[in-house]
Engineer: 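Following this message is one structure expressed as C-alpha cells.
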Amino acid sequence: MNSASLSFLALFLLSFGSIYADSKPLPRLPVPPFYTTQADIDRYLRLDTWSINLPALYVFGDSFVNAGNSLYLHIPSKANYTPYGIDFRGVPTGRPTNGRLVVDFIAQVFGLPFPPPILGLSESQKKTITTGLSFACSSAGILHMPPALVPILGNILSLDDQIQLFKDTIPMLKGQFDSTECFDSYMSKSLFFIHIGGNDLGVYWELANLQKKFPKVKKYTSLLSEQLYSRLKAMYQLGARKFLVNNVFPLGYQPVNLHLKMNGTSFIEDMNQRAASFNARLPKVLRKLEKSLKGSTFVLFDMYKLFEDVLAQPATYGFTNVKDSCCIDISGNQTRPCRPNSVPCADRASHVFFDPFHPSESIHFLWLRRLLKDNSFCSPINLLQLIKS
Ligand SMILES: *[C@@H]1O[C@H](CO)[C@@H](O)[C@H](O)[C@H]1NC(C)=O
Ligand SMILES: *[C@@H]1O[C@H](CO)[C@@H](O)[C@H](O)[C@H]1NC(C)=O
C-alpha cells in the first residue's frame, strides 16, 4: 500500500470510524456456490424461508442491479464479455460484476428464478412469467438522462421508462390470474426492489457542472426526492405494496472517482456529501408515502452505511482491497469498464469493487446478509420482516 492510499484510509477512518462503531460486524461468510438450492442457501444463512411466500421479485434501478436489459439497447458498455460473469458460470450476461447480484441472491433465498431482464423476453414469455422481472438498466436515474450524455452512455431506460414497461406487462400478468382479487393479492405480496439515485448525484450532476449550470445541493436533492416520491407512488398505483428502497452509497469511493484525481479529496468528499444529503431526505419521503398510500410498506436500506462499514473495517469481512478495480479496465487507469477478455485479479472475493464502477459479488452477498435480518441497516423493519408482513 502506498502512502497516498494510507492517508486516504486514515482520512475515512477518522471521519467515519466513530459514527459506525455501532454496526455489528458480521462473521465472515464466503459467497455460496452458484448452483445452490433454496434449502442449501437457507441452511447456509441460518434462515427458514420455507414457510414464507414471496411470489415475485420486481427489480427497478441502475447498473448495480442490471441483469442485462442493456444488451437490448444502444448502449456502448454492455458488460457482455468476460471477465464480467466470470463467477456466473463464466457467462457474461450484462451484469456488470463478476457474479450474482443482490437480487439474484434474494431470488435464490426465496426459491425464485433470477428475475430476467424484461427486454430479453418474448411476448409468450411475458404472458407466462409470474415470478418477477428486472427493469433495471445501466446509467439510469430518477431523472431522465441529460441529452448530452446519450452519445456517451447510450439510450437507456430511465426510472420512468422502467415503470412504463412494468405498466405494459400488467395486462399480460393479469391474464394469468383467475380474478382481480387473486391478482391484487399476488401483487401485494410481491417485492419491489429499487436501487436508484447514484447516477443523478454522480454523472448527471458532473455534466451539469461541466455545462456550467452548477446545481445547488439542497435544491437538487430536493428535486430528486420529489421525483422519487412521485415515481414510487406511480408504482403503488400499479399495484405494488412492498417496497425495498436503497439509499445511495458514498459515490466518491468508486475506483473511477478515486483515480480521476479531480481536485483530490475534496472532489471525493463533495460526492459523498451529495449522496449523504440526498439520503438524509429519504426517511421522510418513505414515511410520507407509507402514510398516504393505504396498505403500503416502505423499507429503507442503508447502502451508504454498508460501504462505510466495510471501508472502516475491511479485514473483518475479508476484503484486502477497497479502492482498486479487480479487472483491468480499457484505459488501464481505472476510469473505464473492464477490458474485454482480460484476466481479472485472482482474489476477486477480497476486492470491494470488480470494475471501476461496480461492487464485486462479495459486496452483493454482504448486501443480502445485511438486508435480510439486520435492523441496524434496514428501517423500520428488515427484509425478512417485510416479506413476512
Ligand atoms: C486514462 O487513460 C486515458 C487513455 O490513455 C486518458 O485519455 C485519460 O486522460 C486517463 N485519465 C486519467 C485520469 O489518468
Ligand atoms: C478544482 O478546484 C478549483 C478551485 O476550487 C475549481 O475552480 C475547479 O473547477 C475544480 N476542478 C474540478 C475538475 O473540479
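As the structure lists them, so they are numbered: ligands from 1, and atoms in each ligand from 1.
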Engineer: For atom 5 (O) of ligand 1, find the nearest protein heavy atom and state the residue, atom name and distance (0.1 Å precision).
Structural biologist: Ser331 O, 4.3 Å
Engineer: Could you list the atoms of ligand 1 found under 4.0 angstrom from a heavy atom of His259?
Structural biologist: 13 (C)
Engineer: Could you work out, for atom 14 (O) of ligand 1, the closest of Asn333, Asp329, Leu260, Ile330 by heavy-atom distance?
Structural biologist: Asn333
Engineer: When you compare the side chain of Phe365 with that of Arg100, does any pair of heavy atoms fall below 4.5 Å?
Structural biologist: no
Engineer: Aromatic rings Phe60 and Phe166: how do their planes relate, parallel, tilted or perpendicular, breaks at 30° and 60°?
Structural biologist: perpendicular
Engineer: Is there at least one protein heavy-atom neighbour under 4.0 Å from atom 11 (N) of ligand 1?
Structural biologist: yes
Engineer: Between Ser379 and Asn375, is any side-chain donor less than 3.5 angstrom from a side-chain acceptor?
Structural biologist: no
Engineer: Is there a donor-acceptor contact under 3.5 Å linking the side chains of Glu290 and Thr297?
Structural biologist: no
Engineer: Answer yes or no for Arg336: is there a heavy-atom contact with ligand 1 below 4.0 Å?
Structural biologist: no
Engineer: Under a 4.0 Å N-O cut-off, is there an ion pair linking Arg369 with Asp374?
Structural biologist: no
